[in-house]
A.B. asks: 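Below you will find the structure I want to go over with you.
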Amino acid sequence: MSTRKLLSTTHFHPIPLIVRNSIQLVQNCTTPPNPPFIPKGPSVLATTLIKSYFEKGLIREARTLFDEMPERDVVAWTAMIAGYTSCNNRTHAWMVFCEMMNEELDPNAFTISSVLKACKGMKCLPYGRLVHGLAIKHGLDGFIYVDNALMDMYATCCVSMDDACMVFRGIHLKNEVSWTTLIAGYTHRDDGYGGLRVFRKMLLEEVELNPFSFSIAVRACTSIGSHTFGEQLHAAVTKHGFESNLPVMNSILDMYCRCSCFSEANRYFYEMNQRDLITWNTLIAGYERSNPTESLYVFSMMESEGFSPNCFTFTSIMAACATLAFLNCGQQIHGRIIRRGLDGNLALSNALIDMYSKCGNIADSHQVFGGMSHRDLVSWTAMMIGYGTHGYGEEAVELFDKMVRSDIRPDRVVFMAILSACSHAGLVDEGLRYFKLMVGDYNISPDQEIYGCVVDLLGRAGKVEEAYELIESMPFKPDECVWGPFLGACKAHRFPNLGKLAAHRILDLRPNMAGTYVMLSNIYAADGKWGEFARLRKLMKRMGNKKETGRSWVEVGNHVYSFVVGDEVGSKIEGIYQVLENLIGHMKESGYVPDLDCLVYDLEDGT
DNA sequence: GTAGGGTTAG
C-alpha cells in the first residue's frame with residue numbers, strides 16, 4: 001500500500017496518531033539519514049505496532065489498528081494470530097486465521113506455525129489436523145518451523161506420541177528444536193523414560209546439546225523420580241559448561257526437591273551464583289510438599305532478599321498454610337493477594353478454597369468459590385472435598401449436580417470427593433447412585449481407591465456385610481485402600497471375625513503398619529480375647545513397632561500450640577479445657593456416646 | 001514488519 005493512499009484518508013483518519021506521526025516523519029525527511037534510509041510502507045509500520053501492542057498486553061488497541069488498516073497482507077494477519085496466541089487468547093487467534101482463509105489469502109510458514117501454536121494451546125486436534133492439511137496444500141510442510149510446530153501440536157493434543165513421532169521421522173534435516181520438542185512431548189505427558197530414550201538417541205547421533213535439551217532431560221529424570229539419572233545429568237550439565245544457565249539450574253533444583261533429596265537441594269540452592277523468582281518458588285514448592293514449615297521460612301528469606309512473590313509463590317504458601325492449618329497466616333496472605341490484585345488467578349483461588357476448608361473455615365471457602373468468575377474442575381473438586389470433610393453431604397451433592405449442569409465433566413477425583421462426602425454424611429443411597437453413574441454414564445472403571453470409598457460408604461453406615469460382598473465381587477485383588485476402611489467399619493460396628501480377616505489381609509500386604517496391630521488387638525479385647533490381645537501387644541513390642549503418636553495443634557493469637565494425649569497444654573492456653581468441656585457437653589446433648597472400651601486400650605498403649 | 005523447544009502452583 002502506498003503512502004499516498006494512506007494519507008488520502010487523512011480527514012477521517014482511522015490510523016492512530018503514532019502511525020500518522022511516523023508516516024509524517026518519513027514524508028518530512030528531505031535528507032535521507034545515514035546509513036541509507038529505506039522508507040517502510042504503512043503496512044510495515046502498522047504491523048510493527050500491532051506486535052508491540054500485543055507485547056504490552058494491549059489486545060484491543062492491536063485489534064482496532066488491524067481493523068483500520070486499509071490493506072492487510074499476510075504478515076499483518078500473522079502478527080494478529082501470533083499476538084493473540086502470545087496473550088493466551090487462542091480462540092481469537094483461530095478466528096483471525098479463519099477470517100484470513102475466508103479472504104483467500106495464502107498463508108506462509110510463519111502463519112502456519114503461529115496458528116499451530118494456538119491449536120496446541122486449545123488442545124484441539126481437529127483444528128490441528130486441518131492446519132496440517134492446509135500446510136500440505138500450500139507446500140509448507142517441510143519447512144522446519146512448520147514441522148516442529150506440527151510435532152508440538154500432535155504431542156500435546158494426541159492420546160499417543162505416534163503422530164508426533166511420524167512427523168519427527170519425516171523431517172529430513174532435524175534441528176535441536178526438533179529433538180527438544182520430542183523429548184518435551186514425552187516428558188510433559190509424564191513419560192520420563194520416553195523422554196530420556198530420545199535424549200540418549202540425541203547423544204548417540206551427536207546432535208549438539210544446548211541448555212534447552214538439558215533442562216527438559218532433567219525434567220524427564222524428575223518425572224520418573226530418578227535422582228541417579230538426575231545426578232548424572234547434573235554432571236553432564238557441568239561438563240558442557242551450562243552450570244550457570246538459570247533455567248537449567250532451576251530444573252536441577254526442582255529435580256533434587258521432587259526426588260526428596262533435600263540436603264542436596266539445599267546445598268545446591270546456596271551454591272547457586274544467581275537466583276531468580278523461579279528458583280525461590282521451586283524451593284518453596286519443594287518444601288511445601290514435605291516440610292511446609294520450612295517452606296514458610298524460605299518464603300520469609302525470599303522476601304528479606306527483596307524478591308516479590310507472584311501467583312506461584314502464594315499458591316505454595318497457601319498449600320503450606322492448609323497443611324499446617326495456619327488460618328491466621330493464610331488470612332494475612334489472602335489480604336496481600338487481594339491488595340496485589342491477584343485474587344482473579346484461578347490456581348490461587350483453588351488453593352484458597354482448600355486452605356480455608358482445611359483450616360476449618362468452610363464459609364470462607366464458599367465465599368472464595370462464589371466470587372470466582374471462572375472455575376475449573378479443581379475448583380469444584382476442592383469445594384466438594386471441603387463440604388465433605390465438614391459433614392455437609394447435601395451441599396456436596398448439590399454442588400456435584402450444579403457442576404455437571406455447568407458442562408464440566410467429572411473425573412475420578414470428583415467421584416472420590418462425592419463418595420467421601422456421602423460417606424461422612426451417611427447418604428448411602430446417594431453415594432451408591434453416584435457410583436453407578438460413574439461406571440454407567442461416565443465410563444470410569446473403579447480402581448482400588450474408588451472401591452475403598454464405596455466400602456467406607458457402606459461400612460460407616462453399618463452395612464458391613466454388604467461392604468464385604470462388594471469386596472468379594474471386585475474384579476481384582478483388594479489392597480489396603482479397600483481393607484483399611486473395611487477394618488474401621490468392623491471395629492466401629494463390632495464385627496470381630498470380619499475385622500480379624502481384614503486386619504490379616506492388611507498385615508499380609510503391609511506387615512509393618514503398627515496401626516493395624518493396634519486395631520486388631522482392640523478388636524480382640526472388645527471380643528474378650530485377652531490372650532490374643534496380650535500376644536499382639538508383645539509382638540509389637542518385640543518388633544519395635546510403635547504407632548505414630550496422634551498430635552493435635554491449635555492456633556491461638558500468633559502462636560501454634562501442639563500437644564499429644566496427657567500434655568499439660570491447659571497451662572499454656574488459658575481456657576482450653578473449658579472449651580473442651582463445652583464441646584463434650586454439646587456432643588452429649590446431640591446423643592454422642594463415646595467408645596470408652598477403645599479409649600482404655602489406646603491409653604494403655606500410650607497412644 | 002510475522003513463527004519454535006526448557007525451569008515454579010493447583
Side-chain angles (χ1 to χ4, degrees), chain A residues 40-52 54 72-83 85-86 107-118 120 140 143-153 155 175-185 187-188 195 210-220 222 242 245-255 257-258 276-286 288-289 295 309-320 322 342 345-355 376-379 381-382 413:
Chain A
K40 291 174 176 176
S43 176
V44 173
L45 283 168
T47 308
T48 310
L49 196 53
I50 284 171
K51 192 188 174 198
S52 76
F54 276 117
R72 301 177 295 200
D73 62 5
V74 62
V75 184
W77 282 94
T78 306
M80 286 301 291
I81 296 165
T85 309
S86 70
N108 63 18
F110 288 77
T111 323
I112 297 294
S113 59
S114 300
V115 76
L116 281 170
K117 195 177 177 184
K120 175 200 167 186
L140 297 168
F143 280 77
I144 192 71
Y145 271 85
V146 171
D147 287 342
N148 289 344
L150 278 168
M151 271 174 59
D152 204 9
M153 181 277 295
N175 66 9
E176 292 152 30
V177 181
S178 322
W179 286 92
T180 317
T181 306
L182 193 65
I183 300 171
T187 307
H188 288 156
N210 63 18
F212 287 87
S213 39
F214 274 110
S215 44
I216 189 64
V218 172
R219 188 76 182 87
T222 310
F242 298 130
N245 180 286
L246 203 42
V248 173
M249 287 195 283
N250 289 341
S251 64
I252 291 171
L253 178 67
D254 186 48
M255 181 273 294
C257 286
R258 285 185 197 256
D276 63 2
L277 187 55
I278 294 178
T279 318
W280 286 96
N281 286 348
T282 304
L283 193 65
I284 291 169
E288 183 275 309
R289 291 183 286 265
S295 81
N310 67 1
C311 290
F312 286 82
T313 330
F314 284 133
T315 306
S316 295
I317 294 305
M318 275 303 141
L342 298 172
N345 181 276
L346 182 63
L348 198 40
S349 299
N350 294 344
L352 280 165
I353 294 172
D354 194 45
M355 184 276 292
D376 66 0
L377 188 64
V378 179
S379 329
T381 315
V413 185

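Residue numbering restarts at 1 for every chain, and letters A, B, ... go by the order of the sequence lines.
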A.B. asks: For a quick check of understanding: with a heavy-atom distance under 4.0 Å over all strands, which category does L182(A) fall into, base, sugar-phosphate or nothing?
C.D. replies: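 Nothing, no heavy atom under 4.0 Å.
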A.B. asks: What integer distance in Å separates F212(A):CZ from dG6(B):C1'?
C.D. replies: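 Computing the F212(A):CZ to dG6(B):C1' distance gives 6 Å.
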A.B. asks: To the nearest Å, how far apart are Y145(A) OH and dT2(B) P?
C.D. replies: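 Spelled out: OH on Y145(A) to P on dT2(B) is 12 Å.
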A.B. asks: N245(A) CG to dG5(B) P: how many Å, rounded?
C.D. replies: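 Those two atoms, CG and P, are 16 Å apart.
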A.B. asks: Please classify the nucleic acid contact of L348(A) as base, sugar-phosphate, or nothing, using heavy-atom distances under 4.0 Å.
C.D. replies: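 Since no nucleic acid heavy atom lies under 4.0 Å of L348(A), the category is nothing.
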A.B. asks: Of the listed nucleotides (dT7(B), dG10(B), dG1(B)), which one gets closest to any side-chain atom of V75(A)?
C.D. replies: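 My answer, after comparing the listed nucleotides, is dG1(B).
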A.B. asks: Nearest of dG10(B), dT7(B), dG1(B) to any side-chain atom of T47(A)?
C.D. replies: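 Nearest listed nucleotide: dG1(B).
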A.B. asks: Rounded to the nearest 0.5 Å, what separation is found between the OG1 atom of T181(A) and the CZ atom of F212(A)?
C.D. replies: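 Taking OG1 in T181(A) and CZ in F212(A), the distance rounds to 10.0 Å.
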A.B. asks: Tell me which nucleotide among dG6(B), dA3(B), dT2(B) gets nearest to the side chain of A79(A).
C.D. replies: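 Of the candidates, dT2(B) comes closest.
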A.B. asks: Nearest whole Å is fine: how far is dG1(B) P from W77(A) CH2?
C.D. replies: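 It works out to 21 Å between those atoms.
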A.B. asks: Look at the side chain of T180(A) against the base of dG5(B) and say whether a donor-acceptor pair falls under 3.5 Å; ignore hydrogens and angles.
C.D. replies: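 Result: at least one qualifying N/O pair found.
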A.B. asks: Taking any heavy-atom pair under 4.0 Å as a contact, classify V146(A): base, sugar-phosphate, or nothing.
C.D. replies: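 Touches nothing.
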A.B. asks: When we call it a touch if two heavy atoms are under 4.0 Å apart, what does R72(A) touch: a base, just sugar-phosphate, or nothing?
C.D. replies: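 Answer is nothing: R72(A) stays at 4.0 Å or more from every strand.
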A.B. asks: So, does the side chain of D354(A) form a donor-acceptor pair with the base of dG10(B) at under 3.5 Å?
C.D. replies: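 No such pair is found, so the answer is no.
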A.B. asks: Of the listed nucleotides (dG10(B), dG4(B), dG1(B)), which one gets closest to any side-chain atom of V177(A)?
C.D. replies: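 Nucleotide nearest to V177(A)'s side chain: dG4(B).
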A.B. asks: Looking at every strand, decide which applies to D376(A) at a 4.0 Å heavy-atom threshold: base, sugar-phosphate, or nothing.
C.D. replies: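 The residue D376(A) makes no contact with any strand.
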A.B. asks: Could you state the CD-P distance from E288(A) to dA9(B), rounded to the nearest angstrom?
C.D. replies: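 Taking atom P of dA9(B) as the reference, CD of E288(A) is at 9 Å.
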A.B. asks: Compare the minimum distances between each of dG4(B), dG5(B), dT8(B) and the side chain of F312(A), then state the nucleotide with the smallest one.
C.D. replies: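 Looking only at side-chain atoms, F312(A) lies closest to dT8(B).
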A.B. asks: Between K117(A) and dA3(B), is there a side-chain N or O to OP1/OP2 distance below 4.0 Å?
C.D. replies: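 Negative; the distance criterion is not met.
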A.B. asks: Consider the side chain of V44(A), meaning its heavy atoms from C-beta on, and name the nucleotide among dT2(B), dG6(B), dG1(B) that approaches it most closely.
C.D. replies: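 Nearest listed nucleotide: dG1(B).
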A.B. asks: Regarding A351(A), tell me which of base, sugar-phosphate or nothing describes its non-hydrogen contacts under 4.0 Å with the strands shown.
C.D. replies: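 Nothing, no heavy atom under 4.0 Å.
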A.B. asks: Under 3.5 Å, is there an N or O donor on one side and an acceptor on the other linking the side chain of T181(A) and the base of dG5(B)?
C.D. replies: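 Per atom types, no contact qualifies.
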A.B. asks: Cut-off 3.5 Å, side chains only: do N281(A) and N250(A) have a donor facing an acceptor?
C.D. replies: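 Their side chains do not contain a donor-acceptor pair, so the 3.5 Å distance test is not met.
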A.B. asks: Are the side chains of N175(A) and N148(A) in contact, using a 4.5 Å heavy-atom criterion?
C.D. replies: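 A side-chain contact under 4.5 Å exists here.
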A.B. asks: Examine the base of dG6(B) for any acceptor or donor lying under 3.5 Å from a partner atom in the side chain of N210(A), and report the outcome as yes or no.
C.D. replies: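 Absent.
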A.B. asks: Starting the side chain at C-beta, find the nucleotide from dT2(B), dG5(B), dT7(B) nearest to R219(A).
C.D. replies: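 Selected nucleotide: dT7(B).
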A.B. asks: Do S43(A) and dG1(B) have a side chain to base donor-acceptor pair shorter than 3.5 Å?
C.D. replies: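 In this structure, the two groups form a donor-acceptor pair.
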A.B. asks: Determine whether K117(A) and I81(A) make a side-chain contact, defined as any pair of heavy atoms from C-beta on separated by less than 4.5 Å.
C.D. replies: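 SC-SC contact between K117(A) and I81(A) ruled out.
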A.B. asks: So do V378(A) and I353(A) actually touch side chain to side chain, heavy atoms under 4.5 Å?
C.D. replies: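 In short, these two side chains do not touch, never coming nearer than 4.5 Å.
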A.B. asks: Give a yes/no on whether any side-chain N or O of R258(A) is located under 4.0 angstrom from OP1 or OP2 of dA9(B).
C.D. replies: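 So the side-chain polar atoms of R258(A) do come within 4.0 Å of the phosphate oxygens OP1 or OP2 of dA9(B), strictly under.
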A.B. asks: The side chain of S114(A) is closest to which nucleotide in this list: dT2(B), dA9(B), dA3(B)?
C.D. replies: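 Closest nucleotide to the S114(A) side chain: dA3(B).
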A.B. asks: Rounded to the nearest Å, what distance is computed from the CE atom of residue M151(A) to the C1' atom of nucleotide dG5(B)?
C.D. replies: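 Between C1' of dG5(B) and CE of M151(A): 9 Å.
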A.B. asks: When we call it a touch if two heavy atoms are under 4.0 Å apart, what does E176(A) touch: a base, just sugar-phosphate, or nothing?
C.D. replies: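 It contacts base atoms.
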A.B. asks: How close or far is atom P of dT2(B) from atom CZ of F110(A), stated in whole angstroms?
C.D. replies: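 From F110(A) CZ to dT2(B) P: 8 Å.
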A.B. asks: Quick check: any donor-acceptor pair below 3.5 Å linking the side-chain of S113(A) to the base of dA3(B)?
C.D. replies: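 Side chain to base: pair found, below 3.5 Å.
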A.B. asks: For residues D276(A) and T279(A), is any side-chain donor paired with an opposing acceptor at under 3.5 Å?
C.D. replies: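 On atom types as modelled, these side chains qualify, holding a pair under 3.5 Å.
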A.B. asks: Report which part of the nucleic acid A285(A) touches: base, sugar-phosphate, or nothing (heavy-atom distance under 4.0 Å, all strands).
C.D. replies: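 Sugar-phosphate, no base atom in range.
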A.B. asks: Using atom CG of N281(A) as one end and atom C1' of dT7(B) as the other, report the distance to the nearest whole Å.
C.D. replies: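 That distance rounds to 11 Å.
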A.B. asks: Grab the two heavy atoms, one from R289(A) and one from R258(A), that are nearest each other, plus how far apart they are.
C.D. replies: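 So the two residues come closest at NH2-CG, 3.5 Å.
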A.B. asks: Identify whether any heavy atom of N175(A) sits under 4.0 Å from a base atom; if not, whether one sits that close to sugar-phosphate; answer base, sugar-phosphate or nothing.
C.D. replies: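 Result for N175(A) = base.
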